[in-house]
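The block underneath contains the structure these notes are about, expressed in structure tokens.
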Amino acid sequence: MNTRLPLPFRLPFRLVAVTVMTVLALVGCTGSGGPAGASEPPSSPTATSSPPQSAPAPDPSATTAPGTPSATASSPASSSPLPGFSDLQPLWPFTTLTQAREWERAFRSGGHQPWHLDPEQTALSFTRHYLGFEAVDRVTSRAVEGREARIGVGLSGAESTGTAAVIHLARFGTGPDAPWEVVGTDDTTFSMTTPAYGSVARSPMTVGGRITGVDESVRVDVRQPSSRDLLGTSCCMSAGGNSQPWRSTVSFTGAADPVLTVVASTGGHIAEVERFTVTAVRTR
């Protein structure tokens, strides 16, 4: 059977075929009607959360909770004790419960800075990186009971004098992942009783306590977590004897955080810092 159409019918079919081939060529150049490359999946964003660390963060600024701006004088945060404790003030690394909770969320989602769950690493990081006592680099004692911990820290080496201070820590929050927070020190042969713990501080500030030792040289520093620089310092006062009083005055400026750290240190026999004591004062 002859299926060939007469010439008048063949021309329209040829035009249709050319048209169809042109449309298919255009579609093949642009994908599914969109711009070139639109069918490719977007590249995965680069991960920004820090990987789990086996040692304390070496930089105090890294302790600020992610996404939490440092406290400033124009937007002051209120001072309040740690939840569940009537009188314990937050010294470091967090200044507010909001910061602590933001770290908890970051930890649960990406394992951010797990050392906050270790009281020993928190105590050493506080001593070496926040206070700046780099030579005080080992744990000498550990006592953890419930939501509180007391960690002794001291110098390494054969001439070590033992424990430089016993850091008092508490959980900042009530959940299972609540981070450890430094709240002060437990003192024995070197103490700071003035200013009173948790009192409101004004500059100049009288600082004092009792000390046992020979040819001691006491230095007083005032710090806050949001600043790398000291707010004030007083150095150095000679002291010594058996539980003898010591006294100094320190001026400070630039206080922005709700709680300040007042630290007195002594040394000079085998190391610059051999013992220290810490207290908390409020700015408002």
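Worth knowing before you read on, the calculation uses all heavy atoms, side chains too, and leaves out hydrogens, waters and symmetry mates.
For the residue pair Gly232 and Val250, the shortest heavy atom distance occurs at C-CG2, 3.9 Å. Shown here for Arg147 and Pro83, the closest heavy-atom pair between the two residues is NH2-O, 2.9 Å. The two residues Ala123 and Val153 come nearest to each other via the heavy atoms CB-CG1, 4.4 Å. The shortest non-hydrogen separation linking Ala271 to Glu274 is N-OE2, 3.1 Å. For Ala280 against Leu91, the heavy-atom pair with the smallest separation is CB-CD2, 3.4 Å. Nearest heavy-atom pair across Leu117 and Ala178 is CD2-O, 3.8 Å.
Side-chain polar atoms of Asp187 and Thr185 form a donor-acceptor pair below 3.5 angstrom.
Hydrophobic clustering (side-chain heavy atoms under 4.5 Å, transitive across Ile, Leu, Val, Met, Phe, Trp, Tyr) groups Met237 together with Phe252. Tracing side-chain contacts under 4.5 Å through hydrophobic residues (I, L, V, M, F, W, Y), one reaches Leu231 starting from Met192; they form part of the same cluster. In the hydrophobic clustering of this structure, Leu131 does not group with Val222; members are Ile, Leu, Val, Met, Phe, Trp, Tyr whose side-chain heavy atoms approach within less than 4.5 Å, directly or through other members. A continuous path of Ile, Leu, Val, Met, Phe, Trp and Tyr side chains, each step under 4.5 Å between heavy atoms, connects Phe85 with Val183, placing both in one hydrophobic cluster. Linking ILVMFWY side-chain heavy atoms closer than 4.5 Å, directly or via other members, places Leu230 and Val207 in two distinct hydrophobic clusters.
For the atom pair Phe172 CZ and Gln99 CD, the distance stands at 8.0 Å (nearest 0.5 Å). Put simply, CD on Gln89 and CZ on Arg282 are 6.0 Å apart, with the number rounded to the nearest 0.5 Å. If you take OG on Ser80 and CG on Leu88, they are separated by 12.0 Å, rounding to the nearest 0.5 Å. Here the OG1 atom belonging to Thr122 is positioned 9.0 Å from the CD1 atom belonging to Ile151, to the nearest 0.5 angstrom. Considering CH2 of Trp92 and CD1 of Ile167, their distance stands at 10.5 Å, rounded to 0.5 Å. Atom OG1 of residue Thr194 and atom CZ of residue Arg247 lie 6.5 Å apart, to the nearest 0.5 angstrom.
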### Task
Take Arg210 and Gln244, measure what side-chain contact (heavy atoms from CB on, under 4.5 Å) needs, and give me the verdict at the end.
CA-CA 5 Å; Arg210 290 189 173 274; Gln244 292 299 302; 5.6 Å; no
#### Entry: Residues Arg223, Leu260; criterion side-chain contact (heavy atoms from CB on, under 4.5 Å); working and verdict
CA-CA 6 Å; Arg223 293 183 174 274; Leu260 306 181; over 6 Å; no
### Task
Take Tyr130 and Ser125 through the side-chain contact (heavy atoms from CB on, under 4.5 Å) test and state the conclusion after the steps.
CA-CA 7 Å; Tyr130 177 55; Ser125 191; over 6 Å; no
### Query
Can Arg101 and Thr96 be said to form a side-chain contact (heavy atoms from CB on, under 4.5 Å), step by step?
CA-CA 9 Å; Arg101 286 174 173 169; Thr96 64; over 6 Å; no
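Under the 3.5 Å distance criterion, the side-chain polar atoms of Glu272 are left unmatched by any main-chain donor or acceptor of Gly268. With hydrogens and angles ignored, the 3.5 Å screen pairs no side-chain donor or acceptor of Ser203 with any backbone N or O of Ser251. Using modelled atom types, no side-chain atom of Glu216 and backbone atom of Gly213 make a donor-acceptor pair closer than 3.5 Å. In this structure, the side chain of Ser199 does not engage the main chain of Pro195 through any donor-acceptor pair within 3.5 Å. One N or O on the side chain of Asp257 and one on the backbone of Ser226 form a donor-acceptor pair closer than 3.5 Å.
Ring orientation note: the planes of Phe190 and Trp246 are tilted relative to one another, at an angle of 30° to 60°. Classified by interplanar angle (parallel below 30°, tilted 30° to 60°, perpendicular above 60°), the ring pair His116/Trp103 is perpendicular.
A 4.5 Å side-chain heavy-atom check between Val200 and Arg284 finds every atom pair outside the cut-off. Side-chain contact between Val139 and Leu124: present, with at least one pair of heavy atoms (C-beta onward) separated by less than 4.5 Å. With a 4.5 Å cut-off on side-chain heavy atoms, Val220 and Val262 count as touching. Residues Phe107 and Gln113 are not in side-chain contact: their nearest non-hydrogen atoms beyond the backbone lie 4.5 Å or more apart. Residues Pro119 and Val144 meet the side-chain proximity criterion, which asks for heavy atoms closer than 4.5 Å. A heavy-atom distance below 4.5 Å is found between the side chains of Val263 and Phe133. Side-chain atoms of Leu169 and Glu148, non-hydrogen and from C-beta on, never get closer than 4.5 Å to each other. For the pair Thr283/Val259, no side-chain contact is recorded, criterion being any heavy-atom separation below 4.5 Å from C-beta on.
Remark: of the listed residues Thr266, Thr189, Thr188, Thr212, Thr189 is the sole one forming a side chain to side chain donor-acceptor pair (under 3.5 Å) with Arg275.
With respect to the salt-bridge test (charged N to carboxylate O, under 4.0 angstrom), the residues Glu145 and Arg150 do not qualify. For Arg171 and Glu181, the salt-bridge test fails: no basic side-chain N is under 4.0 Å from an acidic carboxylate O. At a threshold of 4.0 Å, the pair Asp177-Arg108 counts as salt-bridged, since one of the basic side-chain nitrogens sits closer than that to a carboxylate oxygen.
Heavy-atom contacts from other residues, nucleotides or ligands closer than 6.0 Å to CG of Asp229 number 12 or fewer.
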